[in-house]
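As structure tokens, the structure follows; a few thoughts come after it.
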Amino acid sequence: AIDNCIPTTAYSFGYYLCSSAAGAQTAPTGADGHIMSGTWGSTTSYGFQLFVDTDPTGAYAVRQRNSAGTWQAWRNL
């Protein structure tokens with residue numbers, strides 16, 4: 001069952017708005033959009049982010065965080 005894929009404790013999921021405005025959450029396209037973010041466990045490792053650009057490109061991108069806690073480059077989908 002799909003419920004078996006989600007740990008019962010120590011996970012998180014976040015949702016962020018990002019903007020092309022200076023100082024805002026960084027978008028891979030430099031435009032406005034949404035970022036959905038999740039972590040595995042209570043550590044800073046094994047995460048993911050999915051970006052959806054709402055204007056002007058409609059682009060999608062994804063990136064992962066490795067076991068050392070380092071974010072990898074955005075990859076366009």
Side-chain angles (χ1 to χ4, degrees):
I2 191 70
D3 293 340
N4 294 334
C5 296
I6 301 174
T8 56
T9 60
Y11 64 91
S12 69
F13 182 81
Y15 174 79
Y16 309 93
L17 292 175
C18 50
S19 171
S20 55
Q25 174 74 30
T26 304
T29 62
D32 298 340
H34 307 269
I35 292 179
M36 291 164 272
S37 182
T39 60
W40 181 273
S42 59
T43 67
T44 58
S45 59
Y46 301 120
F48 81 94
Q49 289 187 325
L50 174 66
F51 170 76
V52 179
D53 187 338
T54 56
D55 185 40
T57 67
Y60 296 86
V62 65
R63 70 178 179 169
Q64 302 81 20
R65 187 168 49 198
N66 63 23
S67 61
T70 304
W71 284 107
Q72 305 304 300
W74 285 103
R75 296 181 185 152
N76 292 326
L77 301 177

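On a predicted model such as this, the values are computed, not experimentally measured, just so you know. Below, all heavy atoms of this structure are taken into account, side chains as well, without hydrogens, waters or symmetry copies.
- W71 and V52 are not part of a single hydrophobic cluster, where members link through side-chain heavy atoms under 4.5 Å apart.
- Note: M36 CE to Y15 OH = 7.0 Å, rounded to the nearest 0.5 Å.
- Y46 OH to R65 CZ: the interatomic distance, rounded to the nearest 0.5 Å, is 11.5 Å.
- Of the inter-residue distances, the one linking D53 atom CG with D32 atom CG reads 7.5 Å to the nearest 0.5 angstrom.
- Separation of atoms CZ (R75) and CZ (R63) is listed at 12.0 Å; rounding is to 0.5 Å.
- Of all heavy-atom pairs spanning Q72 and T70, the tightest one is NE2-O, 3.1 Å.
- Here F13 pairs with nothing under the ring pair (Phe, Tyr, Trp, His ring centres under 6.0 Å) rule; sequence neighbours left out.
- Qualifying side chain to side chain contact (heavy atoms under 4.5 Å, CB included) partners for A61, counting only residues two or more places apart in sequence or in other chains: P28, F51, W74, N76.
- Other residues, nucleotides and ligands contribute only 12 or fewer heavy atoms inside 6.0 Å of the OH atom of Y60.
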